[in-house]
Protein chains: 2
Amino acid sequence: MTTTTSQSADIARLLSPRRIAVVGASDDIVRIRGRVLHLLLKRGYTGEVFPVTPSRAEVQGLKAYPRVGDVPGGVDLALVAVPANLVLGVLEDCAAAKVGAAVIFSSGFAEEGGEMAEVQAQMVALSRRTGLRIIGPNAMGFYNILDRTAATFSPAAEIAPVDAPVPAQGVAVVAQSGGLGFALYNRGVRRSLPFTHVVATGNEADLEALDFADALLDDPRVAQLMMFIEGVKNGDKLIPVARKAARLGKPVIMAKVGRSPAAQRAAASHTASLTGSDAAYDAIFDRYGVIRADDQDEMIDIAAAFSVGSLPRGRRVAIVTSSGGSGSWMADAIEQAGLTVPLLSEDLQARIRPLIPSYGATQNPVDITAQGLSAFDTVIEALADSTEADAVVIVAPLGSVGAVEAFSPEALKAAIARAGKPVVFYSYTPPAPEVAALMAGLGTTIFTTLTGCAAALAHLVRYREAVERLGRAGPETAAAPDARAALAGLPADACLLTEVQAKRLLATAGIPVTEEELVTGADAAVAAAARLGGRVALKLMSPQLPHKTDAGAVLLNIEGEAAIRDGYARLTGPVAAALPGIDIHGVLVQRMAAPGVEMIAGVTVDPDFGPLVMVGAGGIFVEILKDVAVSPAPVDRAEALRMIGRLKSVALLEGARGRPRADIEALADLVVRLSDLALATADRVQEIDVNPIFVRPDGVVAVDALARLAPAAAETPRPLAAAGE
Amino acid sequence: MTTTTSQSADIARLLSPRRIAVVGASDDIVRIRGRVLHLLLKRGYTGEVFPVTPSRAEVQGLKAYPRVGDVPGGVDLALVAVPANLVLGVLEDCAAAKVGAAVIFSSGFAEEGGEMAEVQAQMVALSRRTGLRIIGPNAMGFYNILDRTAATFSPAAEIAPVDAPVPAQGVAVVAQSGGLGFALYNRGVRRSLPFTHVVATGNEADLEALDFADALLDDPRVAQLMMFIEGVKNGDKLIPVARKAARLGKPVIMAKVGRSPAAQRAAASHTASLTGSDAAYDAIFDRYGVIRADDQDEMIDIAAAFSVGSLPRGRRVAIVTSSGGSGSWMADAIEQAGLTVPLLSEDLQARIRPLIPSYGATQNPVDITAQGLSAFDTVIEALADSTEADAVVIVAPLGSVGAVEAFSPEALKAAIARAGKPVVFYSYTPPAPEVAALMAGLGTTIFTTLTGCAAALAHLVRYREAVERLGRAGPETAAAPDARAALAGLPADACLLTEVQAKRLLATAGIPVTEEELVTGADAAVAAAARLGGRVALKLMSPQLPHKTDAGAVLLNIEGEAAIRDGYARLTGPVAAALPGIDIHGVLVQRMAAPGVEMIAGVTVDPDFGPLVMVGAGGIFVEILKDVAVSPAPVDRAEALRMIGRLKSVALLEGARGRPRADIEALADLVVRLSDLALATADRVQEIDVNPIFVRPDGVVAVDALARLAPAAAETPRPLAAAGE
C-alpha cells in the first residue's frame, strides 16, 4: 500500500511540475522538438521552462542550457524529444540531476524491435535503479488542463481557447494510444465536457495506464476516468483500480480493444506485453462497475450523462417533447436500452394538462407540441417534483442557441437544479457547438443521437446499481476452506484430475457430489452398487481420459449384478483396450443422480487476474445459448445470485412451464464454495469444470467434474512476460 | 396498376410544378404565410409564382391575385397557408380552377379533434370528388432539391448554399413528421449526402407517405429512400412499395417508430389512423430488404455507405490504419457487426510489406503507421486488386482538409474508382464538415463513429443478400391448396377450432399430423386405440377448451384397455364436470408420436398486411429464447429455410451434441404448406398455431394445433378505420 501511495504521489508531482526542462527543444514549431516547448508556453503554463540543447544559447526566446544538469535550481520534469539513440544518455543526465520524471516523446524502441527493444529494457533498468519515473517512450505526453500544463505535441491541446475556464471537476483521459486519447479530448471539448487531464502512456516502459488511473482517482478534481487500452501489462493492477473507482463513486468509462480475433492478432503481433483474455476483462468490468464502450462518441455520451451530476434512482424515464414523432422514437430508444417510459398517474397528468395545448399529450411521452415550447420548464418542474420518473429527457429542435433561449434558459436552469434527478436534452435538429456549451451552463447536457442518449442514461442506472451492490458487499476476503485439506492427496505433478479426484476436491469445499466409489474389481463393483442402492453409472477412471463419454467409457442406468459385471468387464476390457497407454485408476461406481435442471460451473485461473468463476446453462443450452456468467473470485452469495440471475436460462431454474422452482440458492452456494476453493488452491488448481450440475427443487449435486493442476513446486506461470522486465 | 401509375404521375407533377400559387402569402417572412413564398423565391425556383391574397395587390414584389381562379393561365400547385377555417373554401376554389394539387401547411384539423377532424374528412371527400390531390393538412410541405422547388417553410431548406450543384442521383426523404424529415436532410447535408427530395406528409388526408415513396422510386434520379413513419394508413401499400424498391435495387432506410409500449400508446392517443403491429413491420422489412434504423445518424451513416455506389460481394473487410489501436478498435466494431476481418494471404502481405515502414503490420488490420501515410493509395490499390477483401476501411486522423490532402487525394480517388468495392474512411479525430464534402468528391464517404461505419457496411452486405434472394424468388403467387377443400366442414360462425378440426384443416394442405380418431364412447376409444396401435394420448375435445393441458384434459402414454377406459371415464366424467357449459365434441384418441426436436409454427392474419407466417423453437425454448422468425405469406421453400436458418435453435435441428440431424427440409415444407393454406383461407382463418411439431430425422408431424376463424360471411375486420375515410 505504501508503494501505491508513494507512486500516486510521484505521479501527482509528475503531472503538476513547477520546473520543466524541454530536452531537444528547437525553434521549429512544426516539428515535435519545437512544438512541445511552443505548446507549453502557449497554453498558459505558469511554472518555469528551460530549453535544453547543446547547440543553442536561446530557444523560442528562452535561455537554453546544454544539459539538464546545467539548469540551475533543479527540474521536476524533463520532456525528451531527441533522436532515439540519444535518449538513454539524456535519461542518465536526468537521473544524475535528480529530475523527478521524464516524458519520452521519441519513438523507435520496443515497437521497432531488435536492439532498440533492448534500449527500452535499459531504460526500465535505469528507472528502477535511479527512481526516475518515465512516461513513454513513444508517448504523446500529457495535458494537465487544470494546471494549464501542455506536456505534449498533440494538436488537440490547442482545441479549446487558452483562457477557457478551468473546471472545478471533470474527466481525466488515460490512453495507451495518444492519438485516441487526444481525439477523445478533442471530441469531448466540442461537447463542452469538462476535462482535467489527458495522459498518453506510449510504450509504458515504466509507468502504465493503470498507474495513472490509480493516481488520478486520488485527485478530488477528477470526477470520472476515460480510458483507452489494448490491454494492461500487469493484470494484478486492474481489479484494485476498478474497486477504488467504485468505492470513490468515480465512473471509469473504458475502451478496451480486443473483442475480435483480428484485434487480438494485431495486439499479439505488435506487442508481447499485454495480458488477459477479453472475457476476463469483461467479467472484471462487469463486477466492478467499469463501463465498457465501443466507440469514442459513446464514451463522450456516457461521460456527458455522468457530468450532469445526479444518478437516476430507478429505471423510469419521463419524456417531454415538442414533436410527437420524435418523442415516440425516443421512447423506443429508451425502452430498447432497458429503461422504461411508464404511463404517468392520472394525478400527475392532471397537473400537466393545463400547462400544455389541448391537442398535446400527457401520458408519457408528454407532448407539449411545437406551440407549447414555453411550457418546458413548468412541465419539467411537475415531473421533477413527482416520484414517477427517475430521469427526464427533453426532445426538441435545439439546433441553435436562439432555439434554447426561446425556452427561457434561466427558468430551465432553476427547474433542472431543483429536479434532483438527471434532466437531459436531445435535439433532432443537429445542435451547434455553442448549444452544448449553453447546456453545460444550465447543468445539463444535450445529446445528438437518440440511441446515445438512451444508452448513456441506462449506464447511469447500471452504474448506480453496481456501486450500491459493491457498497453492500462484504470485505473481499473469502472464508476459504482449509487449503491443506483441499490439496491433500493431489498428485504433485501438473496433470488432469480424474472425475473422482476432482469431486473429492469439490467435496473438501463442501460442494455436494454424487455418491460413488472407485473400485478395481467386478466383485467390488457389485458390492459398491449394493451399498449405493438403485441404478448406477459405471465410468472408467483415467487422468488421460477427460472426455469419457466420447470414448464409450460411461455406462448409465446399470441395475442388477449381471449388468454390473457385464459393464465392468466391458469398460476394463474392450473399452480400455481401445485406449492404449492410458493410466487406469479403476471404475467409478456412481449412484444415478435424480435429474434436475442441468447447469455448469467452473473456475479458470487467469495468469494475470487470478481465479475467474463461471456459472451457466448446461446440456443443449451450452451450444445454443452460450449462456454463462463470469466473475472474478471471491464470489459471495449475492454475487453468485446476481450471476445466476443474469443467465437467460434462469427461467428454467425459476420453473418455466409449470415445473417446480429449482434450488437457486443451493446453486449459488455451490458457486461460492467453488470460488473459495479456487482461492485456497490457486497455486495448484488451474481449472475446474463441474458439468453437469443437477439443480433440483431440494438442492444441487455435482454429477461430473474435471480439474487441471499446475505442478506443486512451480509458481503460477505468466505466459507473457511484461516487456522490459 | 393503372391507378398506381397514374397516381405516381400525379405525384411527379405535384413535386415538379411549373406554376405555383401561394395562397395566403404575405410580406412577413418570419411567419409561415410569408416564409413559404420567400423560400420558394430565394431557393432558385425557376417556374412562375403567384401570390394569392384578397387584401394586397403585390406581395414580396410579385403581383398578387385575390383568388386562385384569378391567376391567368392556370396553376399546377397551390401552397395553402391560411387559417384552418378558410382552408376548405380555398380548396373548393382550387378544384374549380383545375389546380392539380395543394399543399396545406395550416394545422388544427384531425390532430385537433372534434369538428376540425370533420373538416379534414370534408377535405378528403373534396379530393375524391374533384381529383385535387392534397398533401397535408398540418404538413411541412416538400423541397424538390433537383428542381430547386422549396414548397415548405422549414428552415432546413436554407442549409445548403443556393447555388449548390444538383446531384445526378441521390436520396429522397419521405417523412410523416416534417420536423424529423427536414432534420434528416439537415444532418445529411452536413455529411455531404446528395439529396433529391424531402417530403413531409402531415396528416395524410389524401396522399400518404407510401404514395410518395412509390412515386419517387419511379424517378431515376432517386437512388435511395429514407423514410420516417409512425405507421402506414393502408397496410396493403407497404409490401408492394418494399418489393418495388428491392426490384429496382433502391435501398429504403426506414425509421419506423413504435417498438415500445410507450410509443404505441402515444400513437394510439394521437392518431387512430395507423395500422399494423410492430412485429409485422419487422417481418415485412426483413423479407423485402427494407433497412430499419433506430436513429437519424444511423440512417445518415447507412445512406452514406450506399452513396459510395458499390456493394460488397461478401463479408470480408480489410482495414488500413495509421494507428494500431484505432485499427484494432475498428476490427472489433467490424466483427461485432457480423462482418469479418480475415488474415490476408502471405502473398498479399508480401505485396504490401515493401509499401509500409518496417514496424507496420500487414496481417489485417494493415497498419501503415503514422509515418506511412503517403502509402494509403498504394495499399488500397493492392487490396482492391485482390480477391481477399470485399470492402476496405481506412482509419486515420482526418480532422481537416489538410490532413486528407497530405494523402494525395487524386491518387486516392483513382484507387477508389478502380477498387470496384466500397472503400470508406473513418477518422478518429472529429472531421470538419469540409472533409465530408472532399470525401464525397473522391467517391467515398467518411464516418465519425466506428460503430456507425461497421453497422453501415454490414447493412450493405445484408442488402445485397436480400436483393439477390428476392431476385431468385419465384413469382409471388402461391400454389395454394384447394380452398374449398380446406374450408369444407368448417363451422360458419366465428370460433375456435378444436385440435382435431384444426389438424384436419392442416391435413388438407398436406401437413403431416398425428394419427388420431375422435370418439364418443369408451368402447370406441378402445377400438380406436387398437387400430392406432401402441400407446395413445386421450384428449377431451371442445372448441371452448384451447388450453387442454391446463384443464387436465390431456392424458399421455395410455396403454391397455383398462387404462383407456379409465382415461375416457376420467375425461368425460370429473374433468368435463369441472368445465361447466363447454360444448364437448368427444375424446380424441391419438397415437403417441415418436419424439423429435420440438418446434412450433403458425399463421396470424394481420388485418392490414395479410397472413404472417411464423416458425420457432418449441418447448422450454419458447419462454427462454423467444426464438421465432416471422415472414409475410407467401413463403416459399427458400424463404422457409431462411426463416429456420435464422433461429438460434437451428443448432438443435442440425444435431447439436452428437444427435442426428432433424429433417429441416420437411419442417420447411410444413411452413410453406401453412403459408399456402393461410392464403387460400385468409377470408376465414384468422390464426393457426401448430404447437408442438416434432421434427425427426425422417420427417415432421404436427402433434397439436389450434385455429381461430372469422365468421363465414363477414369480411376480414379492419379494427382501426383510416382517419377521414
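Here is how names work: the chains are called A, B, and so on, in the same order as the sequence lines, proteins then strands, and each is numbered from 1.
The parts of T429(A) that come within reach of chain B are both its backbone and its side chain, each placing non-hydrogen atoms under 4.5 angstrom from that chain. Looking at P430(A), the atoms closer than 4.5 Å to chain B (heavy atoms on both sides) sit in the backbone and in the side chain alike. In this structure, the portion of A293(B) lying under 4.5 Å from any heavy atom of chain A is its backbone and not its side chain. For chain B, no part of A617(A) is nearby; none of its heavy atoms comes within less than 4.5 Å. At a 4.5 Å heavy-atom cutoff, the contact between P261(A) and chain B is made by backbone and side-chain atoms alike. If you measure heavy-atom distances from Y426(A) to chain B, the contacts under 4.5 Å come from the side chain alone. Using a 4.5 Å cut-off between heavy atoms, A255(A) contacts chain B through both its backbone and its side chain. For S427(A), the part sitting under 4.5 Å from any heavy atom of chain B is the backbone (N, CA, C, O) and nothing else. The contact between N364(A) and chain B is made by backbone and side chain atoms together, counting heavy-atom distances below 4.5 Å. Using a 4.5 Å cut-off between heavy atoms, F182(A) does not touch chain B at all.
For chain B, the option among A263(A), A262(A), S260(A) with the highest count of heavy-atom pairs below 4.5 Å is S260(A). Between chain B and the options E298(A), K648(A), Q296(A), heavy-atom pairs under 4.5 Å are most frequent for Q296(A). For the set T448(A), L184(A), I229(A), D332(A), the count of heavy-atom pairs under 4.5 angstrom toward chain B peaks at D332(A). Comparing G258(B), P365(B), A156(B) by heavy-atom pairs within less than 4.5 Å of chain A, the highest count is held by G258(B). Ranked by heavy-atom pairs under 4.5 Å with chain A, the first of I319(B), I334(B), T451(B) is T451(B).
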Stepwise ring-ring contact (aromatic ring centres under 6.0 Å, His included) test for W329(A) and Y428(A): CA-CA 10 Å; W329(A) 210 8; Y428(A) 52 89; 9.8 Å; no

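Atoms OG and OH, on S107(B) and Y359(A) in that order, are 6.0 Å from each other to the nearest 0.5 Å. In this structure, CD on E204(A) lies 11.0 Å from CG on N138(A), to the nearest 0.5 angstrom. Distance check, rounded to the nearest 0.5 Å: OG1 of T449(A) to CG of D301(B) gives 10.5 Å. Separation of atoms CE (M254(A)) and CZ (R292(A)) is listed at 9.0 Å; rounding is to 0.5 Å. Note that CD of E335(A) is 12.5 Å distant from CE of M330(A), once rounded to the nearest 0.5 Å. Here CZ of R190(B) is found 11.0 Å from CG of D297(B). Values are rounded to the nearest 0.5 Å.
Residues satisfying the salt bridge (Lys or Arg N to Asp or Glu O under 4.0 Å) test with R316(A), not counting sequence neighbours, are D390(A). For D294(B), the salt bridge (Lys or Arg N to Asp or Glu O under 4.0 Å) partners are R259(B), not counting sequence neighbours.
With hydrogens and angles disregarded, a donor-acceptor distance shorter than 3.5 Å links the side chain of S323(B) to the backbone of S326(B).
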